[in-house]
There are 2 protein chains.
Amino acid sequence: MGRPRNFDVDKALLAAINVFWEKGYDGASMKDLTEEMGINSPSLYSVFGDKKSLYIQAIKRYVASDTCPPLDAFNEEEDITKAVRAFLETSLEHATQQSIGRKGCFMSNCVSTTTASVEESQVLLLEAIVLADKKIAQRFDKEKAKGALPETFPSFERAKLMFDLRQGYVLRARAGIRKDEMERDLDYRVSIILSL
Amino acid sequence: MGRPRNFDVDKALLAAINVFWEKGYDGASMKDLTEEMGINSPSLYSVFGDKKSLYIQAIKRYVASDTCPPLDAFNEEEDITKAVRAFLETSLEHATQQSIGRKGCFMSNCVSTTTASVEESQVLLLEAIVLADKKIAQRFDKEKAKGALPETFPSFERAKLMFDLRQGYVLRARAGIRKDEMERDLDYRVSIILSL
DNA sequence: GCTATTTTTTATCAATTGTTATAAAATAAT
DNA sequence: ATTATTTTATAACAATTGATAAAAAATAGC
């Protein structure tokens, strides 16, 4: 009973992700957040608590959505060489997209900057990295079982290698390096990740 | 003539770097800055201009100092294998050091987060990356001339590869992954960077 | 010892920060 | 229709934000 809520809690949370992603935790003001979420501050505070609490919920919501475009592209491609290429290519696309906000990855672009100031954010980032490593390694293992990769292929090491190369792309994109320039050594990196 | 300045401008600027490094551009308040720089705000504003101007000068000062510990370790080591190892090892050390502030790299930890909001910061970050790539590649070229690396060794691609792997370490360190855990595949990465 | 000049100090500015009372509005149960 | 309950809207809170005005203090030249 009582007056019904006239906004979608989940939609508001998704909007909050975008604000934090674009402006960072410190850079995002409550005014920015309430405007983008389409609610006023008392509603925000009653549903999400204070700024820090909202931020943590935003991270958890992002992680729960479990949609990392490069990882999805990696898993959707059947051929392992094409899959690795798709991972790097999709990483580049998202890192260099000009549209404001949602640049690169929410976890590495935003959450990584708050691990010192917002306690809970560190373990959430850690879990996301560990999960990504594991998913990539599992795919490599599957290829080994298929015979597409040799038994000696070090899945876990290569998984971490591929993941870490993405972080380099993200930094370079932020520095303004264009996608087509970074694409030039993309195939070369694919061959390194899969080298025997 | 006039009343003499009772603080060292350069020392104050170096202190400002530390504040931005530790707290980020948005997270660093003028109060934080004046306290750490040991001056009061009118002095700050008269010498450095506003916050954005101080920030740009801090970045330029950091770049001018030209001291990137991993890069220095890389160049000081004679043997190329040991040099690559030293680069990664030093990257890990600085990324994981527990002392507050000066974690990882000022450029990638702080400046990379302001490329959208502080216009001038982007090109400064770009120049730093381009310079680092070049320095690493030049060292590889020297090893090729010495015969320590084959003529076919792709210096520039490997330089960028090594540089980008560091970004992965920085992210992982922020997530709380320990140095000794990341050290486990350090030698493996050295062999990949130098593989023929 | 003045004067001119520059810096420091102290105090304060308006604006924005995150946050919360208070009261109006909208529903369900009685 | 009234009551109880919950959410909305409006307004305001104290604190902090980045930034200055005004006055005191310290030097060099005359």
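Only a predicted model underlies this, so the values are computations on that prediction, with no experimental measurement involved. Note on naming: letters A, B, ... go to the chains in the order of the sequence lines (proteins, then strands), and numbering restarts at 1 for each one.
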Phosphate OP1/OP2 of C/dT7 contacted by B/R5 side-chain N/O (<4.0 Å): yes
OP1 or OP2 of C/dT20 under 4.0 Å from side-chain N/O of A/Y45: no
Ring-face cation contact, B/F20 with B/K51, 6.0 Å cut, 45° max: no
Length of the NZ-P vector between A/K31 and C/dT19, whole Å: 17 Å
Atom-to-atom span, CZ of A/R3 to C1' of D/dA9 - whole angstrom: 8 Å
First of B/S41 and A/S46 reached from the 5' end of DNA chain D, by closest nucleotide: A/S46
Sugar-phosphate, base or nothing in reach of B/S29, heavy atoms under 4.0 Å: sugar-phosphate
Lys/Arg-Asp/Glu bridge criterion (N-O < 4.0 Å) met for A/D26, B/K23: no
A/F140 six-ring face occupied by A/R158 cation (under 6.0 Å, within 45°): no
B/Y169 six-ring centre to B/R189 NZ/CZ under 6.0 Å and within 45° of normal: yes
Interatomic distance, A/E35 CD vs C/dT16 C1' [rounded to whole Å]: 13 Å
Side-chain N or O of A/N40 closer than 4.0 Å to phosphate OP1/OP2 of D/dT8: no
Between C1' of D/dG18 and CG of A/D26, the distance in whole Å: 15 Å
DNA chain D: 5'-proximal contact among A/F7 and B/K51 (nearest heavy atom): A/F7
Closest to side chain of B/M30, choosing from C/dA26, D/dG18, D/dT20: D/dG18
